[in-house]
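Here the structure is a predicted model, which is why all the values come from computation and not from measurement.
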Amino acid sequence: QVQLVESGGGLVQAGDSLKLSCAASGRTISTYPMDWFRQAPGKEREFVATISWSGGVTYYANSVKGRFTISRDNAKNTVYLQMNSLKPEDTAVYYCRAKEGSDEFWGQGTQVTVSS
């Protein structure tokens, strides 16, 4: 199995930046597409961004497009989410996911809080 651990969250002001990391252990993620999701209080978990196993293809939710950037470093077995121009509505617990076929692995999440 793959274990995922998110880090980098915190309390920031609107307009600030954060970079989240998702470190994998147990198995390499080099052949897995990776995703970031987030869940705000009282809301369903929503898709944020995805990146192909090679890193050549990325896709973003409209709400974060132009502000967030997903990347991966397969040599370090790590996926990143660079978040710029943060808004209060970005406040949520952020989760990373690795998926291969029917296998799906989630981290425990990292809290991002953006104050106005």
Side-chain angles (χ1 to χ4, degrees):
Q1 63 176 345
V2 177
Q3 291 185 320
L4 305 174
V5 179
E6 301 95 338
S7 63
L11 174 63
V12 298
Q13 302 291 320
D16 285 353
S17 297
L18 281 174
K19 188 173 185 178
L20 307 183
S21 297
C22 174
S25 62
R27 294 188 64 185
T28 180
I29 61 168
S30 62
T31 61
Y32 288 27
M34 298 290 296
D35 310 285
W36 284 96
F37 288 75
R38 67 186 182 186
Q39 188 167 22
K43 299 183 66 177
E44 298 291 324
R45 189 171 298 186
E46 66 174 340
F47 167 80
V48 175
T50 191
I51 186 167
S52 64
W53 69 267
S54 68
V57 179
T58 59
Y59 185 78
Y60 301 90
N62 288 334
S63 59
V64 307
K65 193 175 301 181
R67 299 187 297 119
F68 290 11
T69 303
I70 187 171
S71 62
R72 67 191 299 162
D73 187 339
N74 287 339
K76 296 182 178 180
N77 228 22
T78 301
V79 179
Y80 305 95
L81 185 68
Q82 176 67 50
M83 305 184 295
N84 298 327
S85 302
L86 284 163
K87 305 174 180 179
E89 50 263 44
D90 295 319
T91 295
V93 178
Y94 284 72
Y95 302 88
C96 66
R97 183 188 72 167
K99 193 174 190 299
E100 184 180 46
S102 61
D103 294 326
E104 186 173 281
F105 308 97
W106 292 88
Q108 292 300 116
T110 184
Q111 176 71 50
V112 173
T113 303
V114 185
S115 65
S116 59

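- Within the 3.5 Å criterion, the main-chain N or O of Thr91 finds no donor-acceptor partner in the side chain of Thr113.
- Taken from CG in Leu4 to CZ in Arg97, the straight-line distance is 11.0 Å, to the nearest 0.5 Å.
- Heavy atoms from other residues, nucleotides or ligands lying under 6.0 Å from CD of Gln108 number 12 at most.
- Closest of all the heavy-atom pairs between Ala14 and Pro88 is CB-CD, 4.2 Å.
- At least one side-chain heavy atom of Asp90 sits less than 4.5 Å from a side-chain heavy atom of Arg67.
- By the 4.5 Å heavy-atom criterion applied to side chains, Asn74 and Arg72 are counted as neighbours.
- Nearest heavy atom pair, residue Glu6 against residue Gly109, reads OE1-N, 2.7 Å.
- Follow the hydrophobic side-chain contacts under 4.5 Å out from Met83 and you never reach Tyr59; the two are in separate clusters.
- Counting only distance, with no hydrogens or angles, the side chain of Asp73 and the backbone of Thr78 share no donor-acceptor pair below 3.5 Å.
- Expressed to the nearest 0.5 Å, how far OG of Ser102 lies from CD of Glu100 amounts to 9.0 Å.
- Annotation: disulfide bond (SG atoms under 2.5 Å apart) contacts involving residues 44-101, sequence neighbours excluded, comprise Cys22-Cys96.
- Using a distance-only test at 3.5 Å, with no hydrogens or angles considered, no donor-acceptor pair links the side chain of Gln39 to the main chain of Ala92.
- Neither Val5 nor Met34 shares a network with the other; the hydrophobic side chains, linked directly or stepwise wherever heavy atoms of I, L, V, M, F, W or Y lie under 4.5 Å apart, form separate groups for each.
- To the nearest 0.5 Å, the span separating CG on Asp35 from NZ on Lys99 amounts to 9.5 Å.
- For the pair Phe47/Phe37, a side-chain contact is recorded, criterion being any heavy-atom separation below 4.5 Å from C-beta on.
- Counting only heavy atoms from C-beta outward, the side chains of Thr69 and Tyr60 approach each other to under 4.5 Å.
- Side-chain contact check for Val64 versus Arg38: some heavy-atom pair is nearer than 4.5 Å.
- Using a 4.5 Å cut-off on side-chain heavy atoms (C-beta onward), Leu18 and Asp16 make no contact.
- Between Ile70 and Val79, the closest side-chain pair of non-hydrogen atoms falls below 4.5 Å.
- Under the 3.5 Å distance criterion, the side-chain polar atoms of Thr110 are matched with a main-chain donor or acceptor of Gly9.
- Remark: Lys43 engages Ala40 in a side-chain contact (heavy atoms from CB on, under 4.5 Å) (not counting sequence neighbours).
- Contacts of Ser52 classified as side-chain contact (heavy atoms from CB on, under 4.5 Å), with partners at least two apart in sequence or in another chain: Ser54, Val57.
- Ring planes of Phe68 and Tyr94: tilted class, angle from 30 to 60°.
- Few gaps surround CH2 on Trp106; more than 12 heavy atoms of other groups in view lie less than 6.0 Å from it.
- Following chains of ILVMFWY side-chain contacts shorter than 4.5 Å, one can reach Leu86 starting from Val48, so the two form part of one hydrophobic cluster.
- Counting heavy atoms from C-beta on, the side chains of Ser21 and Lys76 never come closer than 4.5 Å.
- Put simply, CD on Glu104 and OH on Tyr32 are 12.0 Å apart, with the number rounded to the nearest 0.5 Å.
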